[in-house]
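Here the structure is laid out as structure tokens; the discussion comes afterwards.
First listed ligand is number 1; within each ligand, the first listed atom is number 1.
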Amino acid sequence: MKSSLRAKRTLKAKAKEIAKQLLAADNVHIVSHIDADGITAGSIAYCALKRAGVDRGIEFVKQLEKETIRRLRDSDHDLIWFTDLGSGQLKELKGLRCIITDHHEPQSELKKFDRGNILSYGNSGLYELNPHRYGIDGAKELSGAGVTYLVAKELGENFDLAPLAIVGAVGDLQARGERKLLGVNRKILDEGIEKGYIKKDIDTSLYGIESRPLPKLLEYANDPILPGLTGDYSACVNFLVEHDIPLKENDEWRTWCDLNKSEKRRILSEIADKLLSTGFPPSYTHSLIGEVYTFPNEKPKTMLHEAKEFSTLLNSCGRYEKGDIGLNICLGKREKSLDKAYELLRGHRKVLVDSLKVVESEGIHEEGVLQYFHGKDRIPETVLGTVAGMVIGSGEVDTDVPIFAFAFSEDEGKVKVSSRGTKFQVESGLDLSQVMSECSEKLGGEGGGHDIAAGAFIPKGEEEKFLKMAKNMVRKQMR
Ligand code: C5P
Ligand code: C5P
Ligand code: ZN
């Protein structure tokens with residue numbers, strides 16, 4: 001308890017120091033990641049600077065590459081603010097005047113630098129706020145948006161940005177393990193609730209409670225998969241009708257949030273029975289329920305009203321080079337952006353469905369301590385990690401070993417690698433961030449991330465070598 005209090009205080013002190021730098025800058029250029037956590041992080045930074053009257057610009061990148069850093073070095077921005085990235089590239093950033101608010105694991109050899117020493121590493125113009133430096137797990141307890149929000153709070157009265165910090169954390173699946181947010185994320189959550197910007201309920205953890213028509217909610221359920229329902233629309237309709245759940249109200253589809261308590265209970269207990277009678281362990285039924293976060297200032301029955309759906313909408317923008325649309329949505333500029341985002345979402349869904357079919361047809365290669373698939377040019381690199389996560393989360397593959405995924409990158413001569421593990425594997429020693437960064441570096445590539453989920457780029461044709469090294473490392477870690 002005492003040490004977590006101390007960590008919180010020192011996080012705050014560092015956030016204050018960073019805010020001072022930002023307020024004194026002539027202009028700030030924000031560089032953020034393309035996923036939901038990156039877009040919310042960038043939006044929080046952008047909005048807080050705007051309110052503080054600081055001149056600012058923003059760009060979204062799929063990864064902080066050496067070329068990007070070179071370009072930024074040559075630019076005439078007074079100060080650069082990296083959000084949801086940067087800690088994995090500290091060596092490359094040496095000498096650049098910048099702020100980093102990130103939750104990725106710091107580069108291996110720089111991990112040992114504590115929060116004070118990072119400055120003596122030879123970059124006096126670099127200010128980094130990263131939970132890992134305070135003994136806080138950046139994979140579970142604080143997201144890129146969250147750590148950026150801590151700085152935003154030091155820039156002004158920005159409590160209304162707490163919902164974005166929650167969307168970021170939920171988008172990074174930080175609420176998945178325990179089915180609720182933990183650590184500093186939870187502090188941000190509680191504060192947002194207290195100020196009236198967020199509501200917390202225990203409800204179903206099925207995806208799409210605001211916007212999905214009831215039969216679709218069941219048909220598309222994949223975490224967990226619902227026996228006899230998932231993938232079968234008419235079975236879902238029949239199931240609801242049999243249990244006296246009206247599907248429509250005033251000619252409009254009802255969604256989960258329209259149901260009363262007794263209707264919800266009826267559906268969930270029936271599903272739990274189905275799971276148990278199909279042989280799933282009781283623990284599996286627990287994953288039907290979890291904390292749900294909604295935003296009273298957003299319109300009910302829209303994707304923006306609930307954190308998980310909000311994050312999907314942002315992912316649909318950023319992963320298709322439309323981070324600016326996501327930014328507008330986060331900043332409340334909805335008119336045109338929202339329609340565009342919904343259009344992108346339809347495309348995103350199709351890409352995911354098609355990619356899963358590719359995995360099915362290519363097959364998953366089981367290699368002892370790991371398993372992998374290669375999407376070649378048939379899975380876009382920007383959704384490779386999402387697809388790998390869906391595959392391992394589906395329960396239809398071996399969950400004892402991590403999954404690695406390859407696909408050709410748009411950058412000539414490069415292959416994108418994504419890896420995903422499970423909570424249990426991490427507890428047994430798995431650290432994918434270390435695997436990704438070390439194995440890719442040996443092949444002249446670059447990589448990093450979190451223990452449970454990490455990514456890399458390697459030169460094309462080096463996949464075999466990469467797998468061999470990865471296998472050795474995973475074997476050692478999980479021994
Ligand atoms: O770059 P960033 O930190 O935002 O992304 C984190 C990644 O880790 C996300 O792709 C998320 O899906 C993944 N993750 C996961 N399982 C967890 C936690 C995070 O797959 N339990
Ligand atoms: O791209 P993917 O979703 O697989 O990335 C998983 C995690 O690894 C994300 O948090 C991402 O930001 C991180 N990553 C990284 N360096 C890379 C590639 C991915 O830190 N080169
Ligand atoms: Zn993140």
Side-chain angles (χ1 to χ4, degrees), residues 32-42 60-66 68 82-90 92 101-108 130-132 137-148 165 167-179 181-182 185 223 308 311-312 314-315 318-319 375 379-393 402-407 409 411 414-427 430-437 439-441 445-458:
S32 198
H33 195 211
I34 55 163
D35 67 1
D37 188 31
I39 294 177
T40 47
F60 295 96
V61 297
K62 64 176 186 239
Q63 187 190 296
L64 189 50
E65 288 168 285
K66 291 191 180 103
T68 315
F82 295 103
T83 61
D84 192 33
L85 36 76
S87 291
Q89 290 80 19
L90 289 172
E92 290 77 13
T101 49
D102 190 12
H103 68 134
H104 290 96
E105 280 186 22
Q107 259 165 337
S108 313
N130 185 319
H132 288 287
D137 185 348
K140 286 199 290 213
E141 300 175 90
L142 189 58
S143 71
V147 66
T148 305
V167 170
V170 167
D172 260 9
L173 305 186
Q174 296 197 327
R176 195 186 204 172
E178 309 292 325
R179 297 182 309 283
L181 290 170
L182 306 171
N185 280 330
D223 186 14
K308 267 199 272 183
S311 75
T312 305
L314 296 181
N315 274 320
R319 296 186 191 274
I379 299 182
E381 59 179 297
T382 50
V383 300
L384 189 65
T386 309
V387 174
M390 287 170 88
V391 171
I392 200 159
I403 191 159
F404 285 69
F406 299 93
S409 166
D411 298 342
K414 286 190 191 174
V415 168
K416 167 77 202 262
V417 197
S418 278
S419 59
R420 295 290 186 273
T422 64
K423 193 174 128 210
F424 181 74
Q425 292 164 18
V426 168
E427 281 160 10
L430 181 73
D431 182 353
L432 291 170
S433 166
Q434 201 188 4
V435 174
M436 282 297 181
S437 74
C439 297
S440 63
E441 197 172 329
E446 39 198 319
H450 309 285
D451 48 15
I452 198 163
F457 284 96
I458 59 169

Which atoms form the tightest heavy-atom contact between L314 and T40, and what is the distance?
CD1-CG2, 3.5 Å
Minimum heavy-atom separation for R420 to A453, with atom names?
CD-CB, 3.6 Å
For [Y], does its backbone N or O pair with a side-chain atom of [X] as donor and acceptor, under 3.5 Å?
X    : Y    : answer
R319 : T382 : yes
Q174 : V170 : no
D37  : A145 : yes
S87  : D102 : no
D172 : S143 : no
Q425 : T422 : yes
S32  : G38  : yes

Check ion pair E381-K62 (N to O, under 4.0 angstrom)
yes
Cationic N near anionic O, under 4.0 Å, D223 to R176
yes
Under 2.8 Å from the Zn ion (ligand 3), is there any N, O or S atom belonging to [X]?
X    : answer
D35  : no
H104 : no
D102 : no

Side-chain heavy-atom pair E105, D451 within 4.5 angstrom cut-off
yes
Can you confirm, on distance only, whether ligand 2 has an N/O atom lying under 3.5 Å from any N/O atom belonging to [X]?
X    : value
G449 : yes
T386 : no
H104 : yes
F457 : no

Top protein contact for [atom], by heavy-atom distance:
atom                    : answer
atom 17 (C) of ligand 1 : I452 CG2, 3.6 Å
atom 11 (C) of ligand 1 : D172 O, 3.5 Å
atom 21 (N) of ligand 2 : Q63 OE1, 2.7 Å
atom 12 (O) of ligand 1 : L173 CD1, 3.3 Å
atom 4 (O) of ligand 2  : S418 OG, 2.5 Å

So, D84 and H103: side-chain donor and acceptor under 3.5 Å apart, yes or no?
yes
Which of the ligand 1 atoms, numbered from 1, are nearer than 4.0 Å to a heavy atom of D35:
1 (O), 2 (P), 4 (O), 5 (O)
Atoms of ligand 1 close to D37 [distance to a heavy atom under 4.0 angstrom, numbered from 1]
4 (O)
The Zn ion (ligand 3) to D84: nearest N/O/S atom name:
OD1
Hey, which N, O or S atom on H103 ends up closest to the Zn ion (ligand 3)?
NE2
Quick one: does ligand 1 sit under 4.0 Å from the side chain of H33, the backbone, both or neither, non-hydrogen atoms only?
side chain
Side chain, backbone, both or neither: which part of D84 comes within less than 4.0 Å of ligand 1 when only heavy atoms are counted?
side chain
If we only consider heavy atoms of K416, is any one of them less than 4.0 Å away from an atom in ligand 2?
yes
Which of the atoms in ligand 2, numbered in the order shown and given with their element, are less than 4.0 Å from a heavy-atom of [X]?
X    : answer
R420 : 2 (P), 3 (O), 4 (O), 6 (C)
A456 : 18 (C), 21 (N)
H450 : 10 (O)

Check the angle between the aromatic planes of H33 and H104 and answer parallel, tilted or perpendicular using the 30° and 60° thresholds.
perpendicular
Minimum non-hydrogen distance to atom 15 (C) of ligand 2, winning option of G447, G448, A453, A454:
G448
Before giving the answer on salt bridge (Lys or Arg N to Asp or Glu O under 4.0 Å), spell out for E178 and K423 the whole-Å C-alpha distance, their side-chain angles and the decisive distance to 0.1 Å.
CA-CA 10 Å; E178 309 292 325; K423 193 174 128 210; 3.5 Å; yes
State, to the nearest 10 degrees, the angle whose vertex is the Zn ion (ligand 3) and whose arms point to OD2 of D172 and OD2 of D37.
80°
Would you say H103 contacts ligand 1, with heavy atoms under 4.0 Å as the rule?
yes
